[in-house]
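Notes follow once the structure below has been shown.
Labels below follow one simple rule: chain letters A, B, ... track the order of the sequence lines, proteins then strands, and each chain is numbered from 1.
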Amino acid sequence: MAIWRRGGVHKWRPALILAADFWLSVPLWLRLMGRRLRPPGGYVVAALNPLSLPTNPDRAAIFARARSSAPFFDPRLRLWVVLDPDAVTQLLQDDRLVMPDVDAALAALEGRYGIKLPHLRWVTSQLPLLSNGEHHRRVRQPMAKFLSSEKKHAESWRGGVADLIASALAKPGRLEAFRQLLLPVVNAVFENVTRVAVAFEPLTLTKIFDHYASFKQLVDLEGHVAVLRAKLAASGIPAGSEGMLASLVMLGRDSLLSSISESFLNLVTICRGRRLDDPPEDPPRLLSGVAIAERITRTPFSFGGISFREGERVRLYFQGFHLLGSETERLGAFGSGPHSCLGRSLALELWSLMVAEIAKAPRLIEAVGFEYDRGVIFTMPMYIHVDFA
Amino acid sequence: MRSRILSALSQMGEIEQTQAEELAADPQADFELLRVNFDSLTVIDFCLRIETSTGIAIDPDEMAEFGALNELVAALMARSPR
């Protein structure tokens, strides 16, 4: 304004050009200094750590700032990071991105360590999430059908789960909600759905999804899958269902547990200082605990001003969906496209029951404490302490 | 080099401090890195710690190639500036 009052911009033109040059060159200087910048669409400096982002306490603000941002490349992880929900949705439905070839990766690991991993190779071949093309359709369809029919039979677990919730919330003193409430609830649902009791620790089986699987993890995992197969074989399930149920246990339990835990943590945080039987007007929503998905580019292509080369890893982040305006948009956190989450309906069913049962508890929340487990794909707490007045 | 690697593993809680001290004191003793419960988070954490303390960069993907502590020590020694 001051410039205009003094009689026009011309007098200041050289200074303005210099200033503009300086600011336009800032991204270049920052890049030269080794900092990573967001490509076209703004200048959000990507000094964030993509590994710890899912549990970063400031993640809501980070995802809000990253709205409409273009993917950026993280040189240390050697992958593309996609934070914007619209971009995530588009890329999930883009058939130029495929699931990583886990069988080839396992074969390479077998060769590297001189071991055989038959159970792991078997179970990964049964997981729709890790499959592509015709094989993907072949393993996904029966699971979708099975889960859909199980939804109709939800009455078989609703009563037991309601009792578990009521009894956990009636206990005096501090509640360790993860171990005393959420884990038993999810185990009860899974035991009902799969007909096998799974006593594995959370995140034990989903180690297979970690990009870096150590020798120890692989050997432990191979043993766990062998135990799971034996349990399924002994459970008298129909022939041909073993693979589907094993893959449900491998991935489904941790997915459900992480989503229910993340949603519960949100609920008790919102309700801090108030009674559970006096909940906020808007019932706390179901949040997805699946923080990321990874894909591989099968062909070179351009997207959002970015040129992807063939064979590059692309990491898609889901937590940006939690900030969106409508319920439909927010459900995008459960994925879309051919690999969308098959357990979403089950999770919604369980969460609505939990919200209803929790709202019956006459307890005043005084304090909430929690810590996340280390993990890449899921946001899974190690504990959630709820102190009641 | 050896003590820095062991110190990093100990700080990360991957091995006990007493075990780290014993291994650091005996250059002949070896330790199976294959037994360390690394995942993609911890392996990067480890590589960053090594880079910070020694100035030698190591790629997380390379870590799987080192079965034992002495192999990693030898590889890092070979990369250190003379």
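Enclosure of atom CD in B:Glu62 by more than 12 non-hydrogen atoms of other residues, nucleotides or ligands within 6.0 angstrom is indicated. Within 6.0 Å of atom CD in B:Gln17, 12 or fewer heavy atoms from other residues, nucleotides or ligands are found, so the atom counts as exposed in its surroundings.
Residue B:Leu33 does not touch chain A at all, counting heavy-atom pairs closer than 4.5 Å. Using a 4.5 Å cut-off between heavy atoms, B:Leu34 contacts chain A through both its backbone and its side chain.
The shortest heavy-atom contact between B:Ser40 and A:Leu51 is O-CD1, 4.1 Å. Taking all atoms of both residues into account, the shortest heavy-atom contact from B:Arg35 to A:Phe215 is NH2-CE2, 3.6 Å. B:Val36 approaches A:Lys216 most closely through the heavy-atom pair O-CB, 4.3 Å.
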